[in-house]
Amino acid sequence: MASYPYLQELIKYFEDRYPAPDTELNFSTPFELLIATILSAQSTDRQVNKVTKKLFKKYKNPGDFASLDRKTLEREINSIGLYRNKSKYIIEVSNILIKEYGGKVPGTRKELLKLPGVGRKTANVVLACAFNKKTFPVDTHVFRISNRLGLVSAKRTNEAEKQLMEVIPEEKWVDMHHWLIFHGREVCKARNPACHFCELKPFCNYYKKEND
DNA sequence: AACTCGGGGCA
DNA sequence: TGCCCAGAGTT
């Protein structure tokens with residue numbers, strides 16, 4: 001069992017400083033969570049939340065989306081990047097859910113990954129947040145920050161996923177996912193990270209490397 | 001492994 | 001204005 005020497009300090013730092021994670025937990029159904037997560041690819045939560053708030057007032061279940069004309073859906077979500085692809089995915093997913101899964105979101109990774117527009121990260125978010133399954137969603141931020149902090153040493157997201165699940169206590173997986181994303185977006189950016197502002201320097205391999 | 005989708009945020 | 005991004009699919 002791997003361990004991380006600064007784990008308790010890290011968790012306390014995030015708990016004290018960063019807002020309670022709510023992005024993925026705010027949706028009332030697994031289906032809404034799935035759609036919102038598909039929409040979130042390469043897009044900020046502000047963009048996505050703005051759209052989903054309106055969208056889910058008009059359309060709530062797979063049936064509402066399955067019969068939708070693509071142009072109509074595109075107009076609803078065109079303030080989000082990649083909106084043509086996403087419209088297509090959402091309508092296709094909705095039809096598959098109706099035909100194959102009785103209108104419900106499937107609860108296994110294998111089934112989720114077969115849905116168009118659903119990759120490893122989206123599947124893991126749905127599994128973790130809607131089905132309480134043991135997964136650790138890894139996106140580019142989680143991957144970058146967990147490597148910089150030495151939580152993992154991984155060249156692929158799948159490796160990082162496994163190592164994070166070994167190092168982080170299970171009850172903190174979803175929180176840590178959001179904390180790392182928040183930290184990655186606001187402070188520990190891919191380029192020009194705000195190290196001067198970051199109190200995690202003592203734990204950070206990236207900072208050490210840049211300053212020796 | 002590289003390329004594509006894409007509007008909005010930010011320098 | 002130009003650069004980049006809370007991914008996934010295609011070639």
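Because only heavy atoms are used, hydrogens play no part in the values below, and waters and symmetry mates are left out as well, while side chains stay in.
The distance from atom NZ of A:Lys121 to atom P of C:dC5 is 15 Å, rounded to the nearest whole Å. Rounded to a whole Å, the CG atom of A:Leu34 is 11 Å from the P atom of C:dA8. Between the P atom of B:dA1 and the CZ atom of A:Arg156 lies a distance of 8 Å, rounded to the nearest Å. To the nearest angstrom, C1' of C:dA8 lies 17 Å from CZ of A:Arg84. Rounding to whole angstrom units, CZ of residue A:Arg75 and C1' of B:dG7 are separated by 17 Å. A straight line from CG of A:Leu82 to P of B:dG8 spans 12 Å, rounded to a whole angstrom. Atom NZ in A:Lys88 sits about 15 Å away from atom C1' in B:dG6, given to the nearest Å. Rounded to whole Å, atom P of C:dC5 lies 15 Å from atom NZ of A:Lys86.
Nucleotides of DNA chain B nearest to A:Arg46 and A:Asn85 differ in position, and the one nearer the 5' end is that of A:Asn85. Judged by closest nucleotide on DNA chain C, A:Arg191 is the one of A:Leu113 and A:Arg191 placed further toward the 5' end.
Note on A:Lys114 versus A:Glu111: no salt bridge recorded, every NZ/NE/NH1/NH2 to OD/OE distance being 4.0 Å or above. A salt bridge is defined here as a Lys NZ or Arg NE, NH1 or NH2 lying under 4.0 Å from an Asp or Glu carboxylate O, and A:Glu15 with A:Lys172 meets this definition.
Contact annotation: A:Tyr83 side-chain N/O to B:dG7 OP1/OP2 distance is under 4.0 Å. For C:dG7, one of the phosphate oxygens OP1 or OP2 lies less than 4.0 angstrom from a side-chain nitrogen or oxygen of A:Gln42. Contact annotation: A:Arg120 side-chain N/O to C:dG7 OP1/OP2 distance is not under 4.0 Å. Between A:Thr122 and C:dA8 there is a side-chain polar atom (N or O) within less than 4.0 angstrom of OP1 or OP2.
Between the side chain of A:Lys60 and the backbone N or O of A:Phe56 there is at least one donor-acceptor pair closer than 3.5 Å.
Side-chain contact of A:Arg84 with A:Asn78: a donor-acceptor pair under 3.5 Å is absent, judged by distance alone. The closest side-chain donor-acceptor pair between A:Lys86 and A:Ser43 falls under 3.5 angstrom.
As judged by a 4.0 angstrom heavy-atom cut-off over every strand, A:Val142 is placed among residues making no nucleic acid contact. If you check every strand for non-hydrogen atoms under 4.0 Å, A:Pro137 touches nothing. Residue-level contact check: A:Gly119 touches the backbone only, with heavy atoms under 4.0 Å from sugar-phosphate atoms and none from bases. In this structure, A:Ser43 reaches the bases: a heavy-atom distance under 4.0 Å links it to at least one base atom across the strands shown.
Looking at the side chain of A:Tyr89, the nearest of the listed nucleotides C:dG9, C:dG7, B:dG6 is C:dG9.
Nucleotides B:dG6 and C:dT10 are separated by 14 Å at their P atoms, to the nearest Å.
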